[in-house]
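The structure appears below as structure tokens.
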Amino acid sequence: EITQLNATLGQIFEGRVQFEERTSRFDPFIAIIFGVIIGVFTVRVRRLELASALHAGVSASALVLLQLLQQAAWILLGGGLVLAGAVTAAGYYPEASGSLWEIIARTILMGTLGAFTGVAAATAGIRERALFAYFKQRE
């Protein structure tokens with residue numbers, strides 16, 4: 001006779017509910033927040049240089065485009081490294097690869113978009129009139 005050993009637990013399997021209530025469900029939103037913070041920081045450390053470029057006559061739109069292209073190097077490299085780590089980790093769970101890839105792709109995409117958004121917003125927020133204030137605050 002085949003019976004369940006523990007009659008109080010596991011009578012029904014609610015995999016979908018458990019998946020939707022997992023603690024990692026907020027990972028894409030956390031990735032966006034950290035991406036924006038890191039993107040803003042990478043521009044903030046160069047604000048004197050960027051304000052100087054505006055003072056020299058570079059247009060604000062060209063400066064944003066230039067920063068997006070320059071910062072794409074570390075953003076895409078970081079996304080690639082996270083993807084490589086995820087590929088390694090997903091290899092340990094081949095039976096769950098479908099849902100893992102969905103979670104991984106969403107998190108990497110959101111982090112990347114957050115970083116680009118932070119770079120663009122921070123670059124657009126730099127003003128030429130603050131050049132001397134940035135110069136006084138440099139370290």
Side-chain angles (χ1 to χ4, degrees):
E1 176 178 338
I2 299 176
T3 61
Q4 184 174 351
L5 291 176
N6 187 346
T8 59
L9 297 174
Q11 293 177 348
I12 58 172
F13 176 67
E14 297 176 348
R16 163 98 36 221
V17 173
Q18 289 177 358
F19 180 75
E20 291 172 354
E21 292 179 358
R22 72 193 189 287
T23 55
S24 63
R25 70 183 179 269
F26 299 113
D27 285 355
F29 303 112
I30 293 170
I32 255 188
I33 291 168
F34 277 111
V36 168
I37 290 170
I38 294 171
V40 167
F41 177 75
T42 59
V43 170
R44 183 169 165 71
V45 298
R46 298 180 65 196
R47 64 186 176 177
L48 177 61
E49 174 189 345
L50 299 175
S52 176
L54 288 172
H55 184 71
V58 176
S59 70
S61 60
L63 192 63
V64 170
L65 180 63
L66 181 66
Q67 280 303 297
L68 287 173
L69 291 174
Q70 287 180 353
Q71 303 294 340
W74 71 263
I75 293 171
L76 297 177
L77 178 66
L81 289 174
V82 171
L83 183 62
V87 166
T88 303
Y92 291 110
Y93 304 102
E95 67 279 351
S97 63
S99 58
L100 280 175
W101 284 117
E102 179 184 346
I103 294 168
I104 291 166
R106 187 179 311 133
T107 304
I108 292 173
L109 179 67
M110 296 304 244
T112 302
L113 290 176
F116 279 121
T117 302
V119 167
T123 304
I126 292 177
R127 300 287 175 240
E128 177 187 356
R129 67 177 176 265
L131 176 64
F132 294 111
Y134 296 153
F135 182 76
K136 288 180 184 179
Q137 294 172 359
R138 77 184 192 285
E139 295 178 9

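Predicted model, so just to flag it, every value in this text is computed and none were measured.
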Review point. Taking side chain as C-beta onward, heavy atoms only, is F116 less than 4.5 Å from V119?
Key: no

Review point. Can you tell me how far the CG atom of L77 sits from the CG atom of L81, to the nearest 0.5 Å?
Key: 4.5 Å

Point to revise | Cluster check V43, L54: I/L/V/M/F/W/Y, side chain < 4.5 angstrom | key: yes

Review point. Nearest heavy-atom pair of V64 and A124: which atoms, and what distance?
Key: CG2-N, 4.0 Å

Exercise for review: Dump the intermediate steps for side-chain contact (heavy atoms from CB on, under 4.5 Å) on V36 and V40, then the final yes or no.
Suggested key: CA-CA 6 Å; V36 168; V40 167; 4.3 Å; yes

Review point. Counting only heavy atoms not in R22, do more than 12 fall under 6.0 Å of its CZ?
Key: yes

Revision key, fill the gap. Applied to residues 48-65, the salt bridge (Lys or Arg N to Asp or Glu O under 4.0 Å) test, sequence neighbours excluded, yields R46-E49

Exercise for review: Calculate, to the nearest 0.5 Å, the distance between atoms CD and OH belonging to E128 and Y134 respectively.
Suggested key: 11.0 Å

Review point. Is there a salt bridge (Lys or Arg N to Asp or Glu O under 4.0 Å) between R25 and E21 once you walk through the steps?
Key: CA-CA 7 Å; R25 70 183 179 269; E21 292 179 358; over 6 Å; no

Practice item. Could you state whether L68 and M110 fall into the same hydrophobic cluster, counting links through intermediate Ile, Leu, Val, Met, Phe, Trp or Tyr residues with side-chain heavy atoms under 4.5 angstrom apart? Key: no

Check your understanding: Just how far is it from atom CG of L66 to atom CD of Q71, taken to the nearest 0.5 Å?
Key -> 9.5 Å

Exercise for review: Determine the minimum heavy-atom distance between A115 and W74, stating which atoms define it.
Suggested key: CB-CH2, 4.0 Å

**Study point:** Main-chain N/O of A120 paired to T123 side chain as donor or acceptor, under 3.5 Å
**Key:** no

Exercise for review: Could you state whether F41 and F34 fall into the same hydrophobic cluster, counting links through intermediate Ile, Leu, Val, Met, Phe, Trp or Tyr residues with side-chain heavy atoms under 4.5 angstrom apart?
Suggested key: no

Point to revise | OG1-CG distance between T88 and L83, expressed to the nearest 0.5 angstrom | key: 9.5 Å

Check your understanding: Counting only N and O atoms by type, is there a donor-acceptor contact under 3.5 Å from the side chain of S52 to the main-chain atoms of L48?
Key -> no

Practice item. Say whether, by atom type as modelled, one donor and one acceptor occur between the side chain of S24 and the main chain of D27 under 3.5 angstrom. Key: no

Practice item. Identify whether F29 and L109 are in the same connected component of the hydrophobic contact network (ILVMFWY, side-chain heavy atoms under 4.5 Å). Key: no

Review point. Out of curiosity, I126 CD1 to Q67 CD, how far, rounded to the nearest 0.5 Å?
Key: 7.5 Å

Review point. So if you build clusters from Ile, Leu, Val, Met, Phe, Trp, Tyr with side-chain heavy-atom gaps below 4.5 Å, do V58 and L50 land together?
Key: yes

Point to revise | Point-to-point distance, once rounded to the nearest 0.5 Å, from CG of L69 to CG of L65 | key: 4.5 Å

Practice item. Any salt bridge (Lys or Arg N to Asp or Glu O under 4.0 Å) involving residues 68-83? Give me the pairs, sequence neighbours left out, ordered by first then second residue. Key: none

**Study point:** Closest contact, heavy atoms only, A53 versus L63
**Key:** CB-CD1, 4.1 Å

